[in-house]
Amino acid sequence: MSFGIDDLPVRDELRGKSPYGAPQLDVPVRLNTNENPYPLPDALVERIAERVREAARDLNRYPDRDAVALRTALAGYLTDTGAHEVSLANVWAANGSNEVIQQLLQTFGGPGRTALGFEPSYSMHSLIARSTGTGWISGPRDDDFTIDVAAAEAAIAAHRPDVVFITTPNNPTGTAVPRETVLALYEAAQAAKPSMVVLDEAYVEFSHGASLLPLLEGRPHLVVSRTMSKAFGAAGLRLGYLAAHPAVVDAVQLVRLPYHLSAVTQATALAALEHTDTLLGYVEQLKSERDRLVTELRTLGYDVVESDANFVQFGRFDGAAGSHAAWQRILDRGVLVRDNGIPGWLRVSAGTPQENDAFLDAVRELKKEEHSA
Ligand SMILES: *Cc1c(COP(=O)(O)O)cnc(C)c1O
């Protein structure tokens, strides 16, 4: 046997674990990580080059530690699109919303504390909890993947978590959480502890409904987390951000590494924000493609979970073995979708119309085989 991780004195909770990540396979149609399929437009690529060129001369210096220009631009974007006035003091940015979540758990979680999420949901919440020494509590979801308010309130009352995650729209199911549910869970979390409630709105730009950003008013324990990875089509940029009471922004600065956000990242994100209108135009196309996937999958006879995100969860296959076999047969036709380990279900991201056609052809053949079997 070769020398491996478990031969090192790693922390107990990391023993026997494998790193997170979807398979990165080189196939023609990749619809497995909820990326935006559209490359950045030429005008934006030019603007990024310009802004990065300007920033490059000053790379002998540390970047703006507080990312003031970028946070101001993000606040402007949220104010323009979120029906709620947000300013620099309300916004914090980091390398992807994963880092935002990590900073939140370093600040409000940690050893001796717990975080709760309603599963199935975004598995990075529990993984970041583990890596920050925060205990994880799996909260309930109904069979249709909605959150039952009474059951959720009971879980919060029983476990009194320090942090509650509500992912809306939820990944991997696409389910939006109604405003009234979020309000009820916020109240439950305050009665229990009080605890921080993190709304992960990574996909909110794709939603049929509005952002819950206005709920920040008068709720200092609420945090709305966002990302440029999905709607802005900039997963490679690594830029996530949050909006919250200014005290929350002050608190996360206790744990952030100094100069965590490079000057190149700040310059690139500022350039992308200048092109918000163009990028949100792609979002509109993706929303209609998402709706088309829902309709056509249902026509083919699949069960489809109502989606407010840029992906669709469909099934049902015969348990975990059935969804894995279907995943493989779709892959055999050159289309990579995601098996999130939810028995009987697979998730497909909305791609370009051509990519979605290729996917629909693949699942149509799957149905035919099923019927002739
Ligand atoms: C993709 C995703 C994110 C984004 O993570 P980044 O680090 O910003 O790329 C956050 N939350 C959820 C639920 C996601 O699916």
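When a ligand or atom number is given, it counts from 1 through the structure's own listing order.
A salt bridge is absent between Arg51 and Glu54; no separation between the charged side-chain nitrogens and carboxylate oxygens falls under 4.0 Å. Taking a cutoff of 4.0 Å between a charged side-chain nitrogen and a carboxylate oxygen, Asp357 and Arg364 do not qualify as a salt bridge. Under the 4.0 Å criterion applied to side-chain N and carboxylate O atoms, Arg53 and Glu50 are not assigned as salt-bridge partners. Using a 4.0 Å cut-off between a side-chain N of Lys or Arg and a carboxylate O of Asp or Glu, Glu205 and Arg226 qualify as a salt bridge.
Contact shell of ligand 1 (protein heavy atoms, cutoff 4.0 Å): Gly96, Ser97, Asn98, Tyr122, Thr167, Asn171, Asp200, Ala202, Tyr203, Thr227, Ser229, Lys230, Arg238.
Residues Gln102 and Asn98 bring no donor and acceptor atom of their side chains to less than 3.5 Å of each other.
By the criterion of side-chain heavy atoms lying less than 4.5 angstrom apart, applied directly or through intervening Ile, Leu, Val, Met, Phe, Trp or Tyr residues, Leu293 is grouped together with Trp327 in one hydrophobic cluster.
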